Amino acid sequence: MTRITLDGVAHSYGARPRDERDYALKPLSHVWRHGLAYALLGPSGCGKTTLLNIISGLVVPSQGRLLFDDRDVTRLSTERRNIAQVFQFPVIYDTMTVAENLAFPLKNRGIDKAAIGRRVAEIAEMLDLTRDLARRARGLSADVKQKVSLGRGLVRADVSAVLFDEPLTVIDPGLKWELRSKLKAVHRALDLLMIYVTHDQVEALTFADEVVVMNDGQVLQIGTPAELFERPAHTFVGYFIGSPGMNLLPARVAGREAEIDGHRFPLAASYPTAAPGQRVQIGVRPDHTTLRASGGLPVQVRRVEDLGRRQLARVTLGAHELVATVPPGTTLAAGAAAVHFDPARTHVYVDDRLVEGTP
Ligand code: ATP
């Protein structure tokens with residue numbers, strides 16, 4: 001059982017960082033709990049790999065401490081941290097069989113033969129590799145090689161954590177879904193702390209118990225997939241998570257009322273009036289923005305997209321663009337319509353941060 005604590009950890013690749021912008025990872029404190037699956041999610045260059053490499057020991061952070069349970073490991077090597085890693089591309093021995101590859105991390109630690117056999121069989125079964133156990137790795141397809149690589153990462157029961165860096169990059173798109181759900185099942189069965197880097201939100205949301213959303217070197221929110229959907233803590237999270245992302249509109253807010261371009265609508269809680277110079281925005285997901293023939297904020301319908309299970313309308317409210325759900329059976333007059341925001345799902349952001357209202 002290992003709990004990993006980041007205590008004010010930050011990293012700059014340059015020797016003398018002058019300001020915040022010089023940090024690939026801005027200061028972060030967080031406890032990663034044993035048995036949970038985490039995903040580090042964010043656009044390219046946001047610092048995911050830097051954070052993963054700090055946890056694995058490939059990068060020593062320029063400030064802060066890293067603890068495994070109560071032991072300070074900030075300057076310990078990867079081997080001494082007892083971490084397993086799976087990379088983007090398969091790391092396996094071509095001349096060995098699949099079984100030998102899977103057994104290798106255990107053999108290295110002097111585990112007895114019978115126990116190795118049992119564990120290799122168990123992991124192979126979980127990853128659908130049982131039929132391939134006797135085959136040499138050299139002849140395998142890229143997909144199967146990566147499954148063996150995943151198996152090597154998962155085979156040791158005593159590791160502090162298993163770290164994955166975009167492990168499904170080389171996997172055929174058709175197989176990705178299958179392997180993703182398999183990894184989730186493996187996680188449930190093995191009770192390990194897993195941390196998984198990806199820039200693909202579907203991958204993050206299906207794999208992880210908790211998703212760490214990053215942008216520009218900063219962790220913006222750590223939460224369950226439901227929390228990220230229902231209460232994005234930052235406008236970036238609202239926009240980045242969900243497809244399409246959250247509608248974000250500049251607004252004025254006073255008490256239980258908001259106003260956009262002179263149009264007023266109710267909020268479910270009461271908010272203080274923002275200070276001069278603060279940027280206030282309303283955030284509502286398209287699922288909670290309903291298009292109606294009338295009775296709401298006046299909009300122009302630009303386009304309606306039929307997505308099979310639901311219809312979405314791209315509309316403009318004055319100069320602002322947003323996406324609304326079209327309820328089944330709605331008849332619209334050409335062009336002009338109205339949108340209704342569900343007050344209970346309408347959030348207020350000040351300078352991009354979620355503000356809690358008073359009920
Ligand atoms: P990607 O998804 O593209 O791999 P990422 O989110 O994993 O991106 P990082 O690789 O952690 O992001 O990079 C964060 C920032 O640090 C980027 O601006 C990158 O250019 C910079 N960076 C990463 N590695 C180094 C390095 N070894 N030396 C200098 N700068 C680096």
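Not measured: the values here are computed from a predicted model.
Taking the six-membered ring where tryptophan is involved, the planes of F341 and F265 are perpendicular, since the angle between them exceeds 60° and thus also 30°. Using bins of under 30°, 30° to 60° and over 60° for the plane-to-plane angle, the ring pair F164/Y196 lands in the tilted bin. Aromatic ring orientation, F240 versus F236: parallel (interplanar angle below 30°, classes split at 30° and 60°).
At least one donor-acceptor pair under 3.5 Å links the side chain of Q221 to the backbone N or O of A233.
R302 CZ to T316 OG1: the interatomic distance, rounded to the nearest 0.5 Å, is 3.5 Å. Atoms OH and OG, from Y13 and S62 in turn, are 9.5 Å apart once rounded to the nearest 0.5 Å. Considering CG of L175 and CG of D143, their distance stands at 5.0 Å, rounded to 0.5 Å. Atom CG in L36 sits 11.5 Å away from atom CG in L192 (nearest 0.5 Å). To the nearest 0.5 angstrom, L267 atom CG is 8.0 Å from E257 atom CD. Remark: T198 OG1 to L40 CG distance equals 9.5 Å, nearest 0.5 Å.
In summary, R136 and D94 do not engage in a salt bridge, as defined by a charged side-chain N under 4.0 Å from a carboxylate O. The pair R252-D261 fails the salt-bridge criterion, with no side-chain N (NZ, NE, NH1 or NH2) lying under 4.0 Å from an Asp/Glu carboxylate O. A salt bridge does not link E79 with R81: none of the charged nitrogens is closer than 4.0 Å to a carboxylate oxygen. Salt bridge R156/D158: present, at least one basic N to carboxylate O contact under 4.0 Å. A salt bridge is defined here as a Lys NZ or Arg NE, NH1 or NH2 lying under 4.0 Å from an Asp or Glu carboxylate O, and R285 with D287 fails to meet this definition. Ionic pairing of R118 and E122 is not present here: no N-O contact between side-chain nitrogen and carboxylate oxygen is shorter than 4.0 angstrom. A salt bridge links R231 to E356: one of the charged nitrogens lies within less than 4.0 Å of a carboxylate oxygen. The pair D132-K147 fails the salt-bridge criterion, with no side-chain N (NZ, NE, NH1 or NH2) lying under 4.0 Å from an Asp/Glu carboxylate O. Salt-bridge formation is not detected for the pair R314/E321: no Lys NZ or Arg NE/NH1/NH2 atom is positioned less than 4.0 Å from an Asp or Glu carboxylate oxygen.
Side-chain contact between V59 and L52 is absent, with no heavy-atom pair separated by less than 4.5 Å. Two residues are said to be in side-chain contact when any heavy atoms from C-beta on lie closer than 4.5 Å; Q146 and V148 fail this criterion. Annotation: side chain of V219 is not in contact with side chain of V213 (no heavy-atom distance under 4.5 Å). Here the side chains of S29 and L6 are not in contact, with every heavy-atom distance at 4.5 Å or above. Proximity of M126 to K182: side-chain heavy atoms (C-beta onward) are nowhere separated by under 4.5 Å.
By the salt bridge (Lys or Arg N to Asp or Glu O under 4.0 Å) test, R188 pairs with no residue at all, sequence neighbours left out. Partners of D22 according to the side-chain hydrogen bond (donor to acceptor under 3.5 Å, both in side chains) rule, which considers only residues two or more places apart in sequence or in another chain, do not exist here. With sequence neighbours left out, F87 forms a ring pair (Phe, Tyr, Trp, His ring centres under 6.0 Å) with no residue at all. In this view, E166 and H199 satisfy the side-chain hydrogen bond (donor to acceptor under 3.5 Å, both in side chains) rule, not counting sequence neighbours. Partners of D200 under the salt bridge (Lys or Arg N to Asp or Glu O under 4.0 Å) rule, at least two apart in sequence or in another chain, do not exist in this structure. By the side-chain hydrogen bond (donor to acceptor under 3.5 Å, both in side chains) test, T330 is found to be paired with no residue, residues two or more places apart in sequence or in another chain being considered.
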**Trace of the side-chain contact (heavy atoms from CB on, under 4.5 Å) decision for V315 with V323** = CA-CA 6 Å; V315 304; V323 179; over 6 Å; no

**Request:** Take T289 and T346 through the test side-chain contact (heavy atoms from CB on, under 4.5 Å) and record every step on the way to the result.
**Result:** CA-CA 9 Å; T289 306; T346 301; over 6 Å; no

**Request:** In sequence, state the C-alpha distance, the side-chain angles, and the governing distance for Q281 and D352, and then conclude on side-chain contact (heavy atoms from CB on, under 4.5 Å).
**Result:** CA-CA 8 Å; Q281 284 169 286; D352 292 313; 3.3 Å; yes

**Request:** Using the side chain to side chain donor-acceptor pair (under 3.5 Å) rule, take R180 and T206 through it: C-alpha gap first, then chi angles, then the decisive distance, then the call.
**Result:** CA-CA 7 Å; R180 235 174 20 225; T206 42; 3.2 Å; yes

**Request:** Step by step, work out the salt bridge (Lys or Arg N to Asp or Glu O under 4.0 Å) result for R33 and D209.
**Result:** CA-CA 11 Å; R33 303 204 310 273; D209 300 307; over 6 Å; no

**Request:** Could you walk me through whether L205 and F229 pass the side-chain contact (heavy atoms from CB on, under 4.5 Å) test, one step at a time?
**Result:** CA-CA 10 Å; L205 298 170; F229 270 105; 3.8 Å; yes

**Message:** The test is side chain to side chain donor-acceptor pair (under 3.5 Å); show your working for D72 and T74 and say whether it passes.
**Reply:** CA-CA 6 Å; D72 189 330; T74 316; 2.6 Å; yes

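The neighbour count for R18 CZ, taken as heavy atoms of other residues, nucleotides or ligands under 6.0 Å away, does not exceed 12. Residue E259 places its CD atom among more than 12 non-hydrogen atoms of other residues, nucleotides or ligands, all under 6.0 Å distant. Other residues, nucleotides and ligands contribute more than 12 heavy atoms inside 6.0 Å of the CZ atom of R353. The environment of R256 atom CZ is dense: over 12 non-hydrogen atoms of other residues, nucleotides or ligands sit within 6.0 angstrom. More than 12 non-hydrogen atoms from other residues, nucleotides or ligands lie less than 6.0 angstrom from CG of D112.
Each of D165, L58, I195 was scored for a side-chain contact (heavy atoms from CB on, under 4.5 Å) with Q85, with one residue passing: L58.
Between M214 and L51, the shortest heavy-atom contact is SD-CD2, 4.1 Å. When all heavy atoms are compared, the tightest approach of G35 to D191 is CA-OD1, 3.6 Å.
For the residue pair Q63 and Y23, a side-chain donor N or O sits within less than 3.5 Å of a side-chain acceptor on the partner.
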